[in-house]
Q: 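Take a look at this one; I'll ask things after.
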Amino acid sequence: MSNPDTVFQRTNSVNSSIIEHLRSAGRLDRVFVDGEWVAPRGLGRASVIDPSTEEPVAEIALGTAQDVDAAVAAARRAYSAWSVSSAQSRALFLDRVHALILERAELFAQAISLEMGAAIGFARSTQVPSAAQHIRVASDNLVSYAFLTHRGDMAIMREAIGVCGLITPWNWPLYQITAKVGPALAAGCTVVLKPSELSPLSALLFAEVVHDAGIPPGVFNLVNGEGPEVGAALAAHPDVDMISITGSTRAGVLVAQAAAPTVKRVAQELGGKSPNLILPDADLARAVPAGVAAAFRNVGQSCSAPTRMIVPRERLEEVERIALEAAASIVVGDPRSEQTTHGPVANRAQFNRVQEMIGVGIAEGARLICGGLGRPEASRRGFYCRPTIFTAVHPRMQIAQEEIFGPVLAIIPYDSVDEAVEIANDTVYGLGAHVQGRDLGAARAVAARIRSGQVHINYPAWNPHAPFGGYKRSGNGREYGIEGLEEYLETKAILGFQDASTAPA
Ligand code: NAD
């Protein structure tokens with residue numbers, strides 16, 4: 001089978017307006033604590049690298065453990081009033097945050113594109129609007145949620161858990177922030193956010209939005225910084241009641257270990273290696289291109305990307321042909337070009353990881369049908385990878401087991417549906433999953449056998465109300481929707497609530 005090189009799109013435009021905005025407003029060298037932009041206690045600095053050029057575009061000030069102390073103290077002070085404020089008043093604040101994100105959508109899109117390389121069209125159409133949706137959903141759920149229910153003579157109260165540390169990754173930088181901050185604030189919690197040090201620009205813009213929405217001082221705090229310093233300080237902090245991390249399984253384990261002595265709640269949203277199980281009766285003309293698109297969405301840098309396409313062996317050749325056609329429509333290139341569908345991967349470590357794993361796939365004997373090692377031919381710099389599809393992948397190969405987090409798809413053939421389900425479940429992860437098939441009853445039965453937090457049948461539209469989270473080493477939390485709100489609530493049972501005179505003395 002031919003292996004055409006990736007189409008590569010160039011532009012010469014460099015959009016620096018986002019950096020000018022943040023610099024002139026004095027955001028880059030500040031943390032946001034107690035409602036004010038203040039200089040951090042340390043002198044640490046980190047460069048923000050444009051992944052399309054490998055050049056630094058800005059420097060941000062890094063916070064320290066003392067900044068975490070100050071932010072947690074502010075959040076603790078703010079908690080007493082915020083946690084008992086009315087649901088309507090908190091919803092009103094969230095509505096303002098939502099409106100401001102949409103009003104500043106272009107700034108956010110530019111920031112995301114610059115800090116992690118998302119194609120500008122994708123940042124505009126998907127990264128920003130879906131991030132705003134998490135705030136919308138949190139507000140809507142808040143006004144209808146029953147914080148007090150009754151069971152016999154007992155009342156069950158759901159109360160804000162307290163001060164929450166929120167640690168987020170770089171891949172969907174704004175989306176991961178709003179998926180935590182929205183429900184946490186809705187629940188009545190106060191928060192200290194530590195975004196990824198690799199994608200801090202959209203987080204700074206988000207702090208501006210929260211400030212401009214008039215949220216009381218201390219309710220939301222932002223401390224930029226490195227994981228082992230700021231993230232670890234938050235995880236271990238005795239006055240933080242809950243820590244929620246989205247990131248690698250490695251970092252999630254470290255956070256849980258640091259948090260353990262204080263017995264705080266730990267919510268982990270971690271890695272994945274999601275299956276896309278194509279049943280024998282599936283319409284391949286639809287199932288395969290959509291599967292390739294889903295695997296390569298956000299350049300494969302999504303925790304729930306379906307990077308294992310599990311297909312009937314007797315239809316393997318047909319699948320390969322359609323997959324190759326689908327990959328040929330991908331335009332890798334400068335994220336600032338409107339023609340680009342896929343920018344570079346987000347950083348050097350990610351580029352090296354993708355290259356290493358493509359090398360592993362070749363060495364393991366998987367058959368390459370497109371892509372491969374190195375950059376697309378027309379690019380000499382930038383963390384550009386070639387959309388890569390391996391076929392005839394054995395389920396125990398490293399490329400079928402490990403999260404790669406880049407544009408690498410493994411096609412794995414099966415001989416029976418039972419074997420396909422076994423392959424789907426045969427990883428340490430269990431985050432997302434897809435099933436394709438014409439017979440909905442059969443597809444549902446297979447969906448029920450897959451061990452993961454979400455299963456999508458025949459590519460339904462994204463639903464921000466659907467709880468999202470992992471089985472196994474993909475984590476233990478649930479985000480989005482009602483379950484995402486409940487993550488930030490404690491449960492209190494008040495017995496004898498209806499007739500206290502019957503309570504024992
Ligand atoms: P990462 O684990 O390197 O970093 C994530 C965050 O954790 C960053 O803010 C980082 O600074 C922080 N961190 C790192 N070490 C830490 C430590 N010792 N203590 C406290 N905090 C620490 O992950 P990444 O490279 O930014 O993101 C990619 C990973 O995130 C992938 O594995 C992906 O699957 C996962 N992810 C999961 C979900 C989900 O919802 N399950 C969503 C997106 C990404």
Side-chain angles (χ1 to χ4, degrees), residues 44 46 51 60 62-63 65 68 115-116 127 130-131 134 165-180 192-200 202-203 222-237 240 243-260 264 266-274 297-307 345-354 357 402-406 427-432 452-454 466-480 483-484 487:
I60 57 152
L62 296 176
V68 170
E115 69 193 353
M116 57 73 66
Q127 285 258 10
S130 54
H134 287 311
L166 309 177
I167 301 177
T168 56
W170 47 259
N171 61 332
W172 288 80
L174 181 63
Y175 176 100
Q176 300 298 353
I177 288 173
T178 56
K180 294 189 194 302
V192 179
L193 169 69
K194 191 214 89 66
S196 170
E197 60 278 30
L198 301 173
S199 59
S202 53
L222 164 85
V223 181
N224 270 317
E226 290 181 343
E229 164 111 32
V230 171
L234 264 178
H237 206 290
V240 169
I243 190 100
S244 174
I245 175 167
T246 297
S248 59
T249 299
R250 180 200 63 84
V253 169
L254 289 171
V255 161
Q257 285 169 337
K264 56 173 61 77
V266 179
Q268 295 159 310
E269 306 291 337
L270 310 176
K273 188 78 183 174
S274 299
R297 194 158 170 259
N298 204 33
V299 200
Q301 301 165 119
S302 296
C303 47
S304 58
T307 50
V345 295
N347 51 64
R348 184 177 300 281
Q350 210 47 46
F351 179 80
N352 291 342
R353 165 82 181 156
V354 170
M357 290 306 290
E402 290 185 19
E403 183 178 52
I404 300 175
F405 224 55
T427 75
V428 296
Y429 297 113
L431 190 56
S452 67
Q454 281 197 347
F468 179 87
Y471 281 29
K472 304 190 269 179
R473 286 187 214 168
S474 288
N476 57 14
R478 287 295 177 273
E479 297 197 306
Y480 321 166
E483 289 77 3
E487 189 103 338

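Start at 1 and go down the list; that is how both ligands and their atoms are numbered. Hydrogens, waters and symmetry mates are skipped; everything else that's a heavy atom, side chains included, is used. The chain is numbered in sequence order, starting from 1. Note that this is a predicted model, so its numbers are computed, not measured.
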Q: Report yes if Glu197 has an N/O atom closer than 3.5 Å to an N/O atom of ligand 1; otherwise report no.
A: yes
Q: State if Arg250 counts as touching ligand 1 under the rule of any non-hydrogen atom under 4.0 Å.
A: yes
Q: Return the closest protein heavy atom for atom 8 (C) of ligand 1 as residue, atom name and distance.
A: Thr168 O, 3.4 Å
Q: What protein heavy atom sits nearest atom 39 (C) of ligand 1, and how far off is it?
A: Cys303 SG, 3.2 Å
Q: Look at ligand 1 and say whether Gly475 reaches it with a heavy atom at a distance under 4.0 Å.
A: no
Q: Considering Trp170, Tyr429, Tyr175, which one's heavy-atom position lies nearest to atom 26 (O) of ligand 1?
A: Trp170
Q: State plainly whether the residues Glu402 and Arg353 are in salt-bridge range, i.e. N to O under 4.0 Å.
A: yes
Q: Polar contacts were defined as any N/O atom of the residue lying under 3.5 Å from an N/O atom of the ligand; does this apply to Pro169 and ligand 1?
A: no
Q: Going by atom types alone, do Gln454 and Ser304 pair a side-chain donor with an acceptor below 3.5 Å?
A: no
Q: Which residue and non-hydrogen atom of the protein lie closest to atom 44 (C) of ligand 1, and at what distance in Å?
A: Asn171 ND2, 3.4 Å
Q: Considering only heavy atoms, which of Gly227, Ser304, Gly432, Ser302 lies nearest to atom 16 (C) of ligand 1?
A: Gly227
Q: Given Glu403, Gln301, Lys194, identify the one with the heavy atom nearest to atom 34 (O) of ligand 1.
A: Glu403
Q: Any donor-acceptor pair under 3.5 Å linking the side chain of Ser196 with the backbone of Pro169?
A: no
Q: If every non-hydrogen atom of Ile243 is compared with every non-hydrogen atom of Lys264, which pair is closest and at what distance?
A: CG2-CD, 4.0 Å
Q: Any N/O of Thr246 closer than 3.5 Å to an N/O of ligand 1?
A: no
Q: So is Gly247 polar-close to ligand 1, meaning N/O to N/O under 3.5 Å?
A: yes
Q: Test your reading of the structure: does Thr249 have an N or O sitting under 3.5 Å from an N or O of ligand 1?
A: no
Q: Quick one: does Phe468 get a heavy atom under 4.0 Å from ligand 1?
A: yes
Q: Go through it in stages, so that I can follow the logic: the residues are Leu193 and Thr168, the test is side-chain contact (heavy atoms from CB on, under 4.5 Å), and I'd like the CA-CA distance, side-chain angles, deciding distance and then a yes or no.
A: CA-CA 8 Å; Leu193 169 69; Thr168 56; 4.0 Å; yes
Q: Do protein heavy atoms approach atom 11 (O) of ligand 1 to less than 4.0 Å?
A: yes
Q: So, Lys180 and Thr246: side-chain donor and acceptor under 3.5 Å apart, yes or no?
A: yes
Q: Ring centres under 6.0 Å, that's the criterion: do Trp172 and Phe468 meet it?
A: no
Q: Walk me through whether Gln268 and Ser244 qualify under side-chain contact (heavy atoms from CB on, under 4.5 Å).
A: CA-CA 6 Å; Gln268 295 159 310; Ser244 174; over 6 Å; no
Q: Please state whether Gly470 comes within less than 4.0 angstrom of ligand 1, counting heavy atoms only.
A: no
Q: Starting from atom 28 (C) of ligand 1, which protein heavy atom do you reach first, and at what distance in Å?
A: Phe405 CE2, 3.5 Å
Q: Is the closest side-chain donor-acceptor distance between Gln127 and Asn298 under 3.5 Å?
A: yes
Q: What is the closest protein heavy atom to atom 7 (O) of ligand 1, and at what distance does it sit?
A: Ile167 CG2, 3.4 Å
Q: If you measure every N or O of Ser248 against every N or O of ligand 1, does any of those distances drop under 3.5 Å?
A: yes
Q: Return a yes/no value for Glu479: is any of its N or O atoms, backbone included, closer than 3.5 angstrom to an N or O of ligand 1?
A: no
Q: Starting from atom 41 (N) of ligand 1, what is the nearest protein heavy atom, named by residue and atom, and what distance separates them?
A: Leu270 O, 2.7 Å
Q: Can you name the closest pair of heavy atoms from Lys472 and Tyr429 and give their distance?
A: CE-O, 3.1 Å
Q: Evaluate the side-chain contact (heavy atoms from CB on, under 4.5 Å) criterion for residues Trp170 and Gln176: first the C-alpha distance (whole Å), next the side-chain angles of each, then the deciding distance (0.1 Å), finally the verdict.
A: CA-CA 8 Å; Trp170 47 259; Gln176 300 298 353; over 6 Å; no
Q: Could you state the interatomic distance from OG (Ser202) to CD (Glu115), rounded to the nearest 0.5 Å?
A: 3.5 Å
